[in-house]
S.K.: 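Below: one structure in structure tokens.
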Amino acid sequence: MDILNTVSLESNSQIKINFDGGDLSSDAGLLLFKEFLFKIGAVKLINRLFKTNDTASFRIHKDGANLMQVIYQIISAYFEDDCADELTNEPVMTAILEKDALASQPTLSRFFNRMDQNSLEQLNQIIRELRKVIYSIKKPEFMLFDIDSTLLSTYGNQEGEGFNYHYQAHGYHPLLCYDGLTGDLLKAELRDGTKYCSKDADSFMKSLLDEFTCDFPDLPLYLRGDSGFASPDLYEVLEDTDCKYAIRLKENAKLRELVGEEDRALYRATKFNQVDYAVEYGEFMYQAGSWSHPRRVVFKIEKPYGQMVHMYTFIVTTMEMEPYQVLQFYCGRGKMENYIKEGKSGFDFSSVSSASKVVNANRLIVHVLAYNLFNWFRRIALPVSMRKQQIDTIRLKLMKIAARVVRTARYKYFKLCSSCPYKREYYETLYNIHKLQPQLQW
């Protein structure tokens with residue numbers, strides 16, 4: 001014990017403090033995540049596919065290792081590049097990356113600044129290939145695309161930033177498409193802050209639809225979107241690929257006129273009871289001026305509890321369900337707001353601080369990759385009791401576990417906290433990872 005640096009507490013002189021505890025870590029849960037990435041072949045795939053436009057003939061810290069370091073930092077909530085300097089000799093990080101020391105902040109910043117359109121395509125390809133691996137373990141019965149947009153705050157005069165009138169703030173306005181059943185982020189595209197929701201949504205979805213049609217030709221496809229995506233160009237793309245959809249329409253006088261009879265029927269039914277909730281469903285064929293042909297529109301007219309004013313919901317759809325079933329299907333997209341919130345708060349999607357838009361696009365996709373890797377880890381590796389928990393809760397329970405490193409001539413032991421209340425979940429997660437049987441192509 002280093003007696004000279006030992007201090008006593010005035011509140012209790014029997015308590016002594018020093019910094020002579022040896023190599024300790026507070027992130028022993030990353031060992032589980034490392035094992036999962038090894039099992040699904042993520043590390044090999046990244047090393048094989050990912051390469052920045054680097055002109056240097058020799059680097060100590062290779063591109064693949066830099067990308068893995070950033071992913072591990074994001075999973076551990078070390079979001080800033082500056083955190084790398086504080087983690088230089090972190091024992092768990094260095095062990096899972098098989099390094100003596102981590103890459104520094106300047107190294108990571110130069111790494112990001114080397115990224116371009118090619119690296120962006122590589123990252124998207126990595127996500128695509130890993131999705132095939134995950135689906136080889138458990139393939140969904142159908143794919144439910146939930147499309148939306150959000151605002152990512154910017155920090156000054158950055159390329160592509162702009163004032164978005166919907167959010168009444170400056171930033172980027174990316175398109176996002178989630179799997180509405182699992183929360184997987186299937187695709188993300190950084191856009192200028194001034195772009196409207198549905199701008200380029202047709203080309204955004206076409207590439208994703210083509211990917212799923214190619215990789216999973218027998219998988220039924222469905223899409224939900226709010227009124228910001230009520231675009232005839234998007235309808236055409238979805239119909240051409242046989243993707244069933246339910247997209248809300250903005251309420252207008254013409255649509256209200258078409259449901260006038262049902263509206264009056266609801267009024268008559270509630271004439272003597274203006275307190276209780278009441279609802280009327282129906283459908284009609286409708287062709288707006290910009291549409292190439294008529295489409296089915298289902299609607300809901302409701303009188304909220306304790307109100308006299310009726311509320312209207314109109315959904316354009318190619319689904320063949322009853323109107324009330326289409327409305328129920330559409331309303332399920334409310335979960336997407338939780339997915340977006342978790343991505344922004346738990347994985348720092350807003351980490352777009354570069355002056356270059358293409359670098360920021362790469363930064364976003366790196367965080368999307370980390371989000372998906374963790375979501376897959378949560379879904380197929382964690383105990384069933386933990387699979388619905390948010391990233392912050394799982395970090396607290398399984399990632400932020402104290403450990404002491406003990407080295408011998410042949411081995412490196414990580415002695416985890418004896419009083420950890422989640423030992424059983426830790427071992428169960430490790431067992432679940434070891435019994436996975438993914439189909440790897442590399």
Side-chain angles (χ1 to χ4, degrees), residues 33-54 62-72 74-75 96-97 111-112 114-145 175-179 181-190 204-219 221 241 339 343 347 349 358 361-381 432-433 435-442:
F33 195 67
K34 159 75 172 182
E35 192 75 354
F36 175 73
L37 297 190
F38 172 80
K39 193 72 174 182
I40 65 173
V43 180
K44 284 186 178 179
L45 182 67
I46 286 173
N47 288 331
R48 182 169 67 87
L49 291 185
F50 189 75
K51 183 72 171 69
T52 64
N53 184 21
D54 191 359
K62 308 293 185 183
D63 285 337
N66 290 338
L67 179 55
M68 291 307 307
Q69 178 179 331
V70 172
I71 289 172
Y72 287 130
I74 295 170
I75 297 301
I96 60 180
L97 288 167
F111 165 66
F112 276 114
R114 292 196 300 270
M115 292 187 181
D116 54 17
Q117 189 63 36
N118 287 333
S119 59
L120 190 62
E121 294 171 2
Q122 293 167 19
L123 290 168
N124 282 315
Q125 183 64 26
I126 289 169
I127 294 175
R128 179 177 181 176
E129 294 299 325
L130 288 174
R131 185 180 298 121
K132 294 179 186 177
V133 175
I134 298 302
Y135 285 7
S136 74
I137 299 171
K138 186 176 181 180
K139 183 180 178 181
E141 296 181 2
F142 61 92
M143 181 50 55
L144 177 54
F145 299 115
L175 274 175
L176 305 172
C177 184
Y178 286 85
D179 177 354
L181 299 178
T182 65
D184 292 351
L185 182 42
L186 305 173
K187 186 176 180 181
E189 182 179 300
L190 193 69
F204 173 83
M205 282 306 305
K206 186 178 188 310
S207 62
L208 187 59
L209 291 167
D210 290 344
E211 174 187 326
F212 273 83
T213 302
C214 175
D215 295 344
F216 314 104
D218 299 326
L219 199 64
L221 305 178
T241 52
Y339 299 148
F347 294 88
F349 283 3
V358 69
N362 277 274
R363 282 184 177 271
L364 173 60
I365 299 302
V366 169
H367 286 249
V368 168
L369 174 57
Y371 170 92
N372 280 322
L373 287 169
F374 186 85
N375 204 47
W376 296 328
F377 170 75
R378 171 170 48 191
R379 189 162 77 246
I380 65 178
N432 290 342
I433 294 170
K435 73 177 184 180
L436 293 177
Q437 295 181 331
Q439 298 178 14
L440 304 181
Q441 304 297 324
W442 52 88

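Side chains included, hydrogens not; waters and symmetry mates left out as well; all remaining heavy atoms used. These numbers were taken from a predicted model, which means no experiment stands behind them. In this chain, numbering begins with 1 at the start of the sequence shown.
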S.K.: Determine yes or no for a side-chain-to-main-chain donor-acceptor pair under 3.5 angstrom, with N375 supplying the side chain and Y371 the backbone.
M.R.: no
S.K.: Under a 3.5 Å distance rule, please check whether K187 uses its side chain to pair with a backbone N or O of F204 as donor and acceptor.
M.R.: yes
S.K.: Could you pull out the closest heavy-atom pair between A381 and I433, with the gap in Å?
M.R.: CB-CG1, 3.7 Å
S.K.: If we only count heavy atoms from C-beta on, is the P140 to L181 side-chain gap below 4.5 Å?
M.R.: no
S.K.: Output the distance between atom CG (L123) and atom CG (L49), rounded to the nearest 0.5 Å.
M.R.: 10.0 Å
S.K.: Take T52 and M115 through the side-chain contact (heavy atoms from CB on, under 4.5 Å) test and state the conclusion after the steps.
M.R.: CA-CA 6 Å; T52 64; M115 292 187 181; 4.2 Å; yes
S.K.: Kindly compute the distance separating CZ (F216) from NZ (K139), expressed to the nearest 0.5 Å.
M.R.: 7.0 Å
S.K.: Which heavy atom of A370 sits nearest a heavy atom of I74, and at what distance?
M.R.: CB-CG2, 3.8 Å
S.K.: Hey, does the side chain of D116 reach the backbone of S119 with a donor-acceptor pair shorter than 3.5 angstrom?
M.R.: yes
S.K.: Can you list the steps and then say if R114 with N66 is a side-chain contact (heavy atoms from CB on, under 4.5 Å)?
M.R.: CA-CA 12 Å; R114 292 196 300 270; N66 290 338; 4.2 Å; yes
S.K.: Report the C-alpha separation of M68 and L37 in whole Å, then their side-chain angles, then the decisive distance to 0.1 Å, and conclude whether the side-chain contact (heavy atoms from CB on, under 4.5 Å) test is met.
M.R.: CA-CA 10 Å; M68 291 307 307; L37 297 190; 3.4 Å; yes
S.K.: Counting C-beta onward and ignoring hydrogens, is there a side-chain heavy-atom pair between E141 and L219 closer than 4.5 Å?
M.R.: no
S.K.: In terms of the angle between their ring planes, are F111 and F50 parallel, tilted or perpendicular, with boundaries placed at 30° and 60°?
M.R.: perpendicular
S.K.: As an exercise, state the distance from CD of E211 to CD1 of I127, rounded to the nearest 0.5 Å.
M.R.: 9.5 Å
S.K.: Do we see a donor-acceptor contact under 3.5 Å between the side chains of D179 and T182?
M.R.: yes
S.K.: For a quick check under 3.5 Å, do E129 and Q125 share a side-chain donor-acceptor pair by atom type?
M.R.: yes
S.K.: With a 4.5 Å heavy-atom cut-off, do F112 and V70 have their side chains touching?
M.R.: yes
S.K.: Is there a side-chain contact between N432 and I380 (heavy atoms, below 4.5 Å)?
M.R.: no
S.K.: Answer yes if the ring centres of Y178 and F145 are under 6.0 angstrom apart, and no otherwise.
M.R.: no
S.K.: Find out whether L221 and T213 are in side-chain contact, i.e. whether some heavy atom of one side chain is under 4.5 Å from a heavy atom of the other.
M.R.: yes
S.K.: Would you confirm whether K34, through its side chain, and I96, through its main-chain N or O, come within 3.5 Å as a donor-acceptor pair?
M.R.: yes
S.K.: How long is the straight-line distance from CG of N362 back to CG of L369, given to the nearest 0.5 Å?
M.R.: 11.5 Å
S.K.: Tell me if the NZ atom of K206 is crowded by more than 12 foreign heavy atoms within 6.0 Å.
M.R.: no
S.K.: Taking I137's backbone N and O only, do any of them form a donor-acceptor pair with Q439's side chain (distance below 3.5 Å, no angle check)?
M.R.: no
S.K.: Between D63 and K51, is there a side-chain heavy-atom distance shorter than 4.5 Å?
M.R.: yes
S.K.: Using 0.5 Å steps for rounding, measure from the CZ atom of F36 to the NZ atom of K39.
M.R.: 11.0 Å
S.K.: Considering all heavy atoms of both residues, which atom of L364 and which atom of A188 are nearest to each other, and what is their separation?
M.R.: CD2-CB, 4.4 Å
S.K.: Heavy atoms only: give me the nearest L185-F349 pair and the separation to one decimal.
M.R.: CD2-CE2, 3.6 Å
S.K.: Are R128 and D215 side-chain neighbours, meaning at least one heavy-atom pair lies under 4.5 Å?
M.R.: yes
S.K.: Might you work through the side-chain contact (heavy atoms from CB on, under 4.5 Å) test for F212 and T241, ending with a clear yes or no?
M.R.: CA-CA 10 Å; F212 273 83; T241 52; over 6 Å; no
S.K.: To check you understand the geometry: which heavy-atom pair defines the closest contact between I40 and V133, and what is its length?
M.R.: O-CG1, 3.7 Å
S.K.: Within the distance-only criterion (no hydrogens, no angle test), does the side chain of R131 pair as donor or acceptor with the backbone N or O of L186 below 3.5 angstrom?
M.R.: yes
S.K.: Assess the side chains of D184 and N372: does a donor N or O sit below 3.5 Å from an acceptor N or O?
M.R.: no
S.K.: Quick one: OG on S136 to CG on L130, what's the gap to the nearest 0.5 Å?
M.R.: 10.5 Å
